[in-house]
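To start, the structure itself, in structure tokens.
For reference, positions follow the sequence shown, starting with 1.
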Amino acid sequence: MLGALEVVDEDGVVPLGGRRQRSLLAVLLLRANKVVSSDSLIDDLWADHPPATAQHTLHAYVSRLRKVLHERAGGEQVLLSYPDGYLLRVQFGQLDLDRFERLAEEGRRALHTDAVREAAAICREALVLWRGPALADLRYESFARVDVERLEEQRLGVLEDRIQADLQLGQHAALVAELERLVAEHPLREGLREELMLALYRSGRRAEALAAYRSARRYLVEECGLEPGKSLQLLHRAMLDQDQNLDLQPAERAVVPAAAAGDQRRAREPANSAHPGGAGGAAPPPNQTPPGTPATGAGFGRTNRRRWLLAGAAGVAAAVTLGVVAVSDSRSEPTLPGSAVHANAVLAVDPGNAKLLRQADTGGRPGGITYGFGRLWVTDSANGRVLVMDPATLRLEDQIPVGRTPTNIAATANGIWVIDPGSGTVSEIAATSDTIVASISVGTSPSAIAAGSGGLWVTDASSGMLTRIDPESAKIGDTIFVGQPLTDVTVGLGAVWVTSASSGQLIEVDPRRDQVTRAVGIGNGAASVRVLDGSVWVANPPDDTVSRFEPDSGRISKVDIPDPTAVAVSAGRLWVTDGTQCALSRVDPKTGRSSQLIVLGNPPTAIVGAGADVAVITGSAPNTHRGGTLRVVAGAGVDSIDPGAAYSLNDWQLLSMTNDGLLAYSRADPAGTATLVPDLAISLPVVDEAGRRFTFTLRRGLRYSDGTPISPARLSTRTGARIPGRNRTLAARRSAGGCPEVRPGPRSLPPGQRRDR
């Protein structure tokens, strides 16, 4: 069973017949020495679609199997019939699964009793029994899936035991390559990551060991919204402190060199094994420590973990405390006052002490930021490029031309992916060469991008399409119509989460079926979204809140933060940018409490966790540009550029490029159609029952050209009146600095009309 299903005797392999007859034998073996009902066997063989002759066909399969097994068992009856089913009699030791489970238990017991060399040998003997994935030829049958996953989990447990024994025998250098492969195959298994960190550390590759922790943490946070477990965190802290208990103790060193041990392993394992050392198989759930095992540093091996703890609980506590101090002391460089923060800059923030460490000007207009391959990647939409920066110094390492107006950006294991709404494309940058290696046309207005759940996910701001891209092949895998303009996207908790600012909804998409499974009203202007601590967090700038959605219960709670323009996850906390007060806040996911940490001289617009720091990009403060002159050069047919006087089609085509209204028409709709979307308003208006009163809620930060804030009392409205040759409208002229400045219509009102409050 530990491979393709086979029955072997002294004459060789026994022929078992077709797929369903083999499936019948597998089901009986999985429930050996137990009566299995006919109904249960029919369900296992045909699932929900049994033929009308299923009972008769089952009897035929049993008869054929009984004949084959009877002949090979020397006339002994092994497949027995009962009134309600069948039983397959199996002696202990006849099944490779029985021998594997017995050896697994013996190896685990030897490891717990410090018989390390014996444990390593027993675990290798157990793993040699595997000829490939469990039930390799039947693993995708419905009856086999649960058992296959269970058996693969057992195999991985024995594999971890063997590696832990090898680590204690001093074979760390020989284990690195194997562990790197296993971590790539099973990224959620923290025990393997701990073993890799320790193997690297003991091999003198300490920087790589710390980088392995950062990679583990980034993956767990992005994919699951979870911080690494306590065991992984303590191992990381001990490495930062260079704790001597991490070093291999003299008594633990192997008598035989690692190379000899490797030769011994190769001699015992089949040369043609598809999974040497028991590697491969389906990704298991996160590592679970056996009862009674101390939850510290699985990479030490279970025996070594106890030895490390016996150094003294006080010593462990001191190591952790001193580690924090050491990190804090190592960040003793001068810090920046918030007032010194430049516009259009990249900032490095120490998340532990909430201090601004350094900044670097971009020389353009940064739009998006991500961290990957040990570097920061920042889009510059003004100059059509991606800036590559060293996160430790913010030194510019490279500039990569990308499209027209690159905005959002994401990192995958393959490379860096950049959205360019100007050309409607997503481009891949090879991190090793800093060159564009692929460019894909995606929708009409790609707006946000995120990686996870086996794909790269791109939202469209106008068509309501969510596109999945295969990062391996750089091809579009599928498109999902969500039905409304999409704003942001993230991946976690087994789902893809998208927001729609126009509808105020958080939408859940099942990545396995590529279908929308839930839509939740989360708040006005639903924008930036991230996953943390088992919840989905959404910024609602018009509401001055960040919403927390708990998928399991459907509960929604709110955290008050003014104008939250972006959210990010780093250091186990939610980081929120405040566009109005130009501040950076932090939310504790356990308590839901927020604290404003840093007030900046310019508004933060995007944020990302970058190694030990948090990286932030800034925009321009609202008061950096007021007023100015707009000069228009046009041919015949333009009557006026005054929204209050313009009336011809040519006028309005021009004004649509320079002015905003409460509402606007979607530019992405097909010819001959028109869809109203919010512009200065945050949503379509609320209409009273009579259909005569329309209530709009304006976006925050609207001002007159002299900088005076707009208030409802200062606005004049007109309904139902028409002045020949002229349109009286509320409009907002876009200034050169990009900030909308509202210009009111006439203040005089016809008799009988009054101003709304």
Side-chain angles (χ1 to χ4, degrees), residues 111 116 120 156 159-221 227-250 252-254 257-259 261-262 265 276-279 286-287 289 295-305 307-308 316 319-320 323 326-327 330 371-375 391-392 413 431-432 610-612:
L111 192 60
V116 181
L156 282 169
L159 182 60
E160 284 191 356
D161 288 345
R162 194 221 84 207
I163 291 172
Q164 289 174 3
D166 287 345
L167 279 172
Q168 294 186 54
L169 292 171
Q171 299 180 28
H172 36 265
L175 288 170
V176 170
E178 179 185 8
L179 282 166
E180 287 178 335
R181 174 174 54 79
L182 289 171
V183 165
E185 292 173 354
H186 309 287
L188 292 175
R189 204 169 183 94
E190 294 188 37
L192 290 173
R193 291 186 180 273
E194 293 177 39
E195 289 169 342
L196 174 60
M197 289 171 60
L198 190 60
L200 289 167
Y201 186 90
R202 287 183 173 176
S203 300
R205 301 161 66 176
R206 298 186 177 186
E208 293 176 71
L210 295 174
Y213 174 79
R214 292 193 296 271
S215 175
R217 183 182 177 280
R218 182 169 61 252
Y219 184 90
L220 291 171
V221 169
E227 287 293 320
K230 183 179 179 181
S231 175
L232 200 59
Q233 292 186 37
L234 285 178
L235 178 59
H236 175 242
R237 179 60 61 196
M239 287 181 175
L240 289 174
D241 296 337
Q242 299 187 28
D243 192 304
Q244 62 181 1
N245 292 294
L246 296 177
D247 298 329
L248 189 67
Q249 303 303 315
E252 298 172 346
R253 297 185 185 279
R265 180 176 69 249
N287 182 49
T289 306
T296 50
F300 300 106
R302 292 182 175 92
T303 304
N304 216 15
R305 283 186 292 214
R307 185 175 294 119
W308 188 62
V316 175
V320 174
V327 171
S330 68
Y371 176 74
F373 302 91
R375 297 187 289 177
T432 53

Note to self: L156 vs H186, test: side chain to side chain contact (heavy atoms under 4.5 Å, CB included). Steps then yes/no.
What the structure shows: CA-CA 10 Å; L156 282 169; H186 309 287; 3.6 Å; yes

Next item on the list: Applying side chain to side chain contact (heavy atoms under 4.5 Å, CB included), run through L175 and E195 and close with a yes or a no.
Entry: CA-CA 9 Å; L175 288 170; E195 289 169 342; over 6 Å; no

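Residues Y201 and L210 have side chains not in contact (no heavy-atom distance under 4.5 Å, counting atoms from C-beta outward). For the pair P187 and R193, the minimum side-chain heavy-atom distance is below 4.5 Å. By the 4.5 Å heavy-atom criterion applied to side chains, L220 and L188 are counted as neighbours. Looking at heavy atoms from C-beta onward, H172 lies out of side-chain contact with L198 at the 4.5 angstrom threshold.
Take Q233 and apply the side chain to side chain donor-acceptor pair (under 3.5 Å) test, not counting sequence neighbours, and it matches no residue. In this structure, the side chain to side chain contact (heavy atoms under 4.5 Å, CB included) partners of A120, at least two apart in sequence or on a different chain, are R124, A165, D166, L169. Residues satisfying the side chain to side chain donor-acceptor pair (under 3.5 Å) test with R214, not counting sequence neighbours, are none. Remark: Y213 engages H236 in a ring-ring contact (aromatic ring centres under 6.0 Å, His included) (not counting sequence neighbours). Qualifying salt bridge (charged side-chain N to carboxylate O under 4.0 Å, His left out) partners for R218, counting only residues two or more places apart in sequence or in other chains: none. Scanning for side chain to side chain donor-acceptor pair (under 3.5 Å) contacts around E180 gives an empty result, with sequence neighbours left out.
Put simply, the side chain of S215 never gets that close to the backbone of A211: no donor and acceptor are under 3.5 Å apart. Under the 3.5 Å distance criterion, the side-chain polar atoms of R202 are matched with a main-chain donor or acceptor of L246. Proximity of a side-chain donor or acceptor of E190 to a complementary backbone N or O of G229 within less than 3.5 Å is detected. In terms of modelled atom types and a separation under 3.5 Å, the side chain of D241 and the main chain of D243 share no donor-acceptor contact. The backbone N or O of A212 sits nowhere less than 3.5 Å from a side-chain atom of R217 that would complete a donor-acceptor pair.
The CZ atom of R206 sits 13.0 Å away from the CD atom of E208 when rounded to the nearest 0.5 Å. For the atom pair CG (L159) and CG (L182), the distance works out to 5.5 Å, reported to the nearest 0.5 Å.
Across L235, V183, L192, a single residue satisfies side-chain contact (heavy atoms from CB on, under 4.5 Å) together with M197, and that is L235.
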